Every structure is written in structure tokens, then in C-alpha cells.
2 protein chains.
Amino acid sequence: MGDLQQDVTEAELAVLQALWDSGPSTIRQLVDRVYGQSGTSVYATVQKLLERLETKRCVARDRSGAVHMFRAAVHRDELIGRRLRAVADSLCGGSMTPLLTHLVEGKGLSAKEQRELRALIERLDGRKRK
Amino acid sequence: MGDLQQDVTEAELAVLQALWDSGPSTIRQLVDRVYGQSGTSVYATVQKLLERLETKRCVARDRSGAVHMFRAAVHRDELIGRRLRAVADSLCGGSMTPLLTHLVEGKGLSAKEQRELRALIERLDGRKRK
DNA sequence: TGACTCCTCAGACGAGTCGTCTTAGACTTC
DNA sequence: GAAGTCTAAGACGACTCGTCTGAGGAGTCA
């Protein structure tokens with residue numbers, strides 16, 4: 001039922017980020033946080049974005065109060081996973097391994113990222129060894 | 001100059017895949033390979049897709065002959081890199097590390113992918129050790 | 001020479017998406 | 001009951017994407 005899972009657009013993501021950072025919020029709070037200004041049109045924009053995020057099952061709405069409360073229904077990490085999977089599907093025949101290879105071989109990694117990768121691998125290696 | 005690098009759409013990707021698999025080709029060859037049918041409209045469609053891929057600097061066109069030859073101007077791996085970078089930019093503030101973490105922690109990985117990951121890490125670990 | 005075929009090129013189409021905005025009506029508060 | 005705030009529905013303009021049409025050039029061959 002429903003559109004399985006569609007990707008989140010840029011403006012929608014900005015709202016979602018605000019929810020991740022600030023926790024459950026009202027529309028007005030989100031307007032302040034995302035746009036830093038007020039006005040009926042901006043309010044309606046955020047409202048529409050939340051509505052679309054809701055149909056994408058990315059936010060949940062609490063209708064019990066007089067003013068609706070919104071909270072994120074997906075974790076950032078879950079979204080990362082979806083997108084990685086999408087890349088794997090369209091470019092690697094569904095396998096995640098080429099992505100991993102790409103990252104591990106450090107093709108586009110900064111020095112800092114390479115250090116972090118190394119730490120990550122050592123940690124994982126230790127975990128598997130026992 | 002030019003639109004830096006825009007993402008490749010699904011239909012465009014199908015053409016690009018054909019170029020990766022078969023090497024430099026004419027439009028007609030690509031039509032056969034991608035659509036498996038002939039006709040002026042399909043021909044024009046592939047032509048338009050190639051034209052757009054060219055402006056995105058993803059294919060190169062050789063105009064010297066009577067019939068133009070097209071070849072891929074990006075590797076699959078490069079495209080993977082672009083998309084990973086895009087995910088990192090929009091979801092991780094530009095850092096690739098969270099992607100790596102996600103993959104390494106095996107959140108969405110199949111058993112086979114996990115085995116491959118392990119092999120990959122051992123290989124890398126050995127390489128770094130010396 | 002003229003008909004035919006195959007090509008390139010420019011442009012336009014219909015459908016869909018995305019961010020924004022307007023409006024109408026319901027509810028609360030004083 | 002007037003003012004202010006909320007929800008809900010819908011429409012807008014701009015853009016993208018896959019597809020298609022048509023004009024014109026170049027080559028071939030009877």
C-alpha cells in the first residue's frame with residue numbers, strides 16, 4: 001500500500017533535518033527554524049512539505065492536540081541506506097560491494113576521511129577477530 | 001564553464017550502459033541494443049539522450065566520419081563516486097564517513113555482500129600493514 | 001536527374017515533479 | 001462576535017524527462 005518509498009527532495013529534507021535536530025515540532029516552530037521568517041505563504045509551504053513527507057512515511061503527525069505535532073519517522077541513517085541502495089540498484093546491478101570498494105579504495109576520500117576509514121576498519125577487524 | 005555535472009537520468013543511463021558494454025557505437029547500434037526495435041521515433045529518442053549526455057560531458061562524439069560515433073566519457077566508477085558524494089553532501093554535511101560506517105556495519109547487506117566486505121577489508125588491512 | 005534512404009539538428013509535445021502561494025473554513029481566545 | 005491561528009485543498013509557474021515530428025543535408029543507384 002502506498003508509494004513504497006519515494007525519495008525526499010531538497011526542501012523536504014531541510015524540514016526533516018530540523019525535525020531530526022529539534023525533535024517533535026509544530027509547523028510554526030519548523031517555519032522559524034528552516035526559513036527564519038514568518039508569513040502565511042512560508043507557513044503553507046512548510047505545511048505542504050510536511051504533508052508530502054507524511055505520504056512518503058518520513059514524518060508522523062500527531063492530530064490529538066489542537067495544533068498538530070510532527071516528528072521524524074525515519075532516521076538519517078535509514079535515508080542514507082535507501083540512497084545507497086538506489087545507487088547500487090541503478091549502477092551496480094543491485095550489489096553494494098562496488099560502493100564499498102569505491103569508498104575503501106579511497107577514490108574520493110580526503111585525508112581525514114581516510115584516517116577515519118582506517119580506524120573504522122581496525123575497530124571492525126578487532127570485533128570480527130574475537 | 002557549463003553545468004559542472006548534472007546527474008544522469010534512467011533512460012540516459014541505459015544508453016550509457018550500452019556504451020560501457022559495447023564500446024564506441026553509432027546511434028543505430030545503440031537503438032538496437034537498448035530498445036531492440038527500430039523506427040524513426042526511437043532513433044530520435046536515443047539521439048536526444050546522447051545529445052543530453054554530451055552536454056553533461058558523459059559521452060564524447062566523433063564527428064569526423066559521415067556517421068557520428070559515440071563513446072562513454074565517464075567510467076561507471078566515476079558515476080558511482082559522484083552519486084556517493086551527492087548523498088554525503090545532502091545527508092552527511094559532505095563527509096563520506098557515515099556512508100562507510102553504514103556499509104561496514106552491514107545494515108542493509110546480504111550475507112554474500114558481508115563476505116565480500118570481509119574479504120575486502122582483509123585485503124586492505126594486509127596492504128596497509130606492510 | 002530524380003527518387004530513395006539514412007543521417008543530423010532543432011524544436012515541441014505531454015506528463016510529471018517541486019517549491020510556492022492563495023483561499024476557504026474551522027477552532028480558540030478574549 | 002471579532003480577531004487571530006490553525007488545517008485543508010487546490011492551483012500556479014518553472015522545470016525535467018522521455019518521446020516524437022519535421023526540415024534539410026549527403027550519399028546511392030536506376
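Chain A is the first sequence line, chain B the second, and so forth, proteins listed ahead of strands; every chain is numbered from 1. Everything numeric in this text was worked out from a predicted model, so none of it was measured.
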**Q** Is the shortest side-chain N to carboxylate O distance from Asp7(A) to Arg82(A) below 4.0 Å?
**A** no

**Q** Leu13(B) has an atom CG; how far is it from atom P of dG18(D), in whole Å?
**A** 10 Å

**Q** I need the CG-P distance between Leu30(B) and dT8(C), as an integer number of Å.
**A** 11 Å

**Q** Give a yes/no on whether any side-chain N or O of Tyr43(A) is located under 4.0 angstrom from OP1 or OP2 of dT7(D).
**A** yes

**Q** Once you round it to whole Å, what is the distance between P of dC6(D) and CD of Gln29(A)?
**A** 10 Å

**Q** Can you tell me if the side-chain N/O atoms of Arg28(A) get under 4.0 Å from OP1 or OP2 in dC6(D)?
**A** yes

**Q** From dG19(C), dT22(C), dG18(D), pick the nucleotide closest to the side chain of Thr45(B)?
**A** dG18(D)

**Q** Determine: side-chain N/O of Thr9(A) to OP1/OP2 of dT17(C), distance under 4.0 Å, yes or no.
**A** no

**Q** Side chain of Gln47(A) only, heavy atoms from C-beta on: which candidate in dT8(C), dA8(D), dT20(C) is closest?
**A** dA8(D)

**Q** Ignoring the backbone of Gln6(B), work out which of dT8(C), dT16(D), dC21(C) is nearest its side chain.
**A** dT16(D)

**Q** Both Thr40(A) and Glu10(A) contact DNA chain C. Taking the nearest nucleotide for each, which residue is further toward the 5' end?
**A** Glu10(A)

**Q** Considering residues at least two apart in sequence or located in another chain, which fulfil the side chain to side chain contact (heavy atoms under 4.5 Å, CB included) criterion with Thr101(A)?
**A** Thr97(A), Glu105(A), Leu120(B)

**Q** According to a strict under-4.0 Å criterion, is Arg63(B) in side-chain N/O contact with OP1 or OP2 of dC9(C)?
**A** yes

**Q** Separation of Lys48(B) atom NZ from dC9(C) atom P, in whole Å?
**A** 11 Å

**Q** Could you tell me the separation between the CD atom of Gln37(B) and the P atom of dG18(D), rounded to a whole number of Å?
**A** 16 Å

**Q** Which is true for Ala44(B) with a 4.0 Å heavy-atom rule: it touches a base, it touches only sugar-phosphate, or it touches nothing?
**A** base

**Q** If I take atom CZ from residue Phe70(B) and atom CD from residue Gln47(B), how far apart are they, to the nearest 0.5 angstrom?
**A** 7.0 Å

**Q** To the nearest 0.5 Å, what is the distance between CG on Asp89(A) and CE on Met96(A)?
**A** 8.5 Å

**Q** Of the options dT21(D), dG19(C), dC6(D), whose atoms approach the side-chain atoms of Val67(A) most closely?
**A** dC6(D)

**Q** What is the distance, to the nearest angstrom, from the CD atom on Glu51(A) to the P atom on dT22(C)?
**A** 18 Å

**Q** In whole angstroms, how far is the P atom of dG18(D) from the CG atom of Leu50(B)?
**A** 13 Å

**Q** Do the side-chain N or O atoms of Arg52(A) get closer than 4.0 angstrom to the phosphate oxygens (OP1, OP2) of dC18(C)?
**A** no

**Q** Expressed as a whole number of angstroms, how long is the span from Phe70(B):CZ to dT8(C):P?
**A** 6 Å

**Q** Between Arg63(B) and Glu54(B), does any NZ, NE, NH1 or NH2 come within less than 4.0 Å of an OD or OE carboxylate oxygen?
**A** yes

**Q** What nucleotide, of dG19(C), dT7(D), dC20(D), holds the atom closest to the side chain of Ile27(A)?
**A** dT7(D)

